[in-house]
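Below you'll find the structure, written out as structure tokens, and then a few comments.
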Amino acid sequence: MDIQSIQAFLAVSESGSFSRAADALFLTQPAVSSALKRFSDHLGVDLFVRDGRSIAPTHTAQYLLAELEPLAMGIDKTLDNLREFDTSTHRTFRVFVTEPMLYQLQP
């Protein structure tokens, strides 16, 4: 399993379309389809079914979306924060511990 497969799954779930997901990810539609197939094969379940001219998520896909979406948002936030983190800035860290732990940490 790779991150691109998960990103493709999230994008297709959000957009409801392979083509719109491909546009959002700056990939081709076949690349998104391939990534989603890898993800589906890895899990051993179908994630989307055809619903006329569109696609609909299966119950498994709905469950995965609910679980993965907050994690993906956390990853994005962490990476954004990392870009803003300046290692040349002086920082002071305060560590709070219980009194017994303080005695163990002191020489």
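The analysis underlying the following values was restricted to heavy atoms, covering all of them including side chains, and did not include hydrogens, waters or symmetry mates.
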> Is there a donor in the side chain of Ser33 and an acceptor in the side chain of Gln29, or the other way round, less than 3.5 Å apart?
Replying inline: yes
>> Any donor-acceptor pair under 3.5 Å linking the side-chain atoms of Asn81 with those of Thr78?
In response: no
Consider only side-chain heavy atoms of I, L, V, M, F, W and Y, link residues closer than 4.5 Å, and tell whether [X] and [Y] are in one cluster.
X	Y	result
Val49	Ile55	no
Met73	Tyr63	no
Leu64	Ile75	no
Phe26	Val32	no
Ile3	Phe39	no

Would you check if the side chain of [X] reaches a backbone N or O of [Y] as a donor-acceptor pair within less than 3.5 Å?
X	Y	result
Asp51	Ser54	no
Ser34	Pro30	no
Ser5	Leu36	no

Distance, nearest 0.5 Å, that separates [atom1] of [X] from [atom2] of [Y]:
X	Y	atom1	atom2	result
Ser13	Leu68	OG	CG	9.0 Å
Arg20	Glu14	CZ	CD	10.5 Å
Leu47	Gln62	CG	CD	11.0 Å
Gln7	Leu27	CD	CG	8.5 Å
Thr98	Gln104	OG1	CD	8.0 Å
Phe9	Arg38	CZ	CZ	15.0 Å

> Is the Phe48 ring parallel, tilted or perpendicular to the Phe18 ring (thresholds 30°, 60°)?
Replying inline: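 Because their plane-to-plane angle is over 60°, the rings of Phe48 and Phe18 count as perpendicular.
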> Taking all non-hydrogen atoms of both residues, which atom of Pro70 and which atom of Ala66 are closest, and how far apart?
Replying inline: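 Nearest heavy atoms, Pro70 then Ala66: CD-O, 3.2 Å.
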>> Please check if the number of heavy atoms outside Arg91 that lie under 6.0 Å from its CZ is greater than 12.
In response: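 Atom CZ in Arg91 is packed in, count exceeds 12.
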>> Is it true that, when you exclude Glu99 itself, more than 12 heavy atoms of the residues, nucleotides or ligands shown sit nearer than 6.0 Å to its CD?
In response: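 No, because the 6.0 Å sphere around CD of Glu99 holds 12 heavy atoms or fewer from other groups.
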>> Under the criterion side-chain contact (heavy atoms from CB on, under 4.5 Å), I'd like the reasoning laid out for Leu82 against Glu84: C-alpha separation, chi angles, the key distance, then a yes or no.
In response: CA-CA 5 Å; Leu82 181 62; Glu84 296 173 9; over 6 Å; no
> Does the pair Val97 and Val95 meet the rule for a side-chain contact (heavy atoms from CB on, under 4.5 Å), with working shown?
Replying inline: CA-CA 6 Å; Val97 297; Val95 179; 4.0 Å; yes
>> Between Arg83 and Asp80, does any side-chain N to carboxylate O distance fall below 4.0 Å?
In response: yes
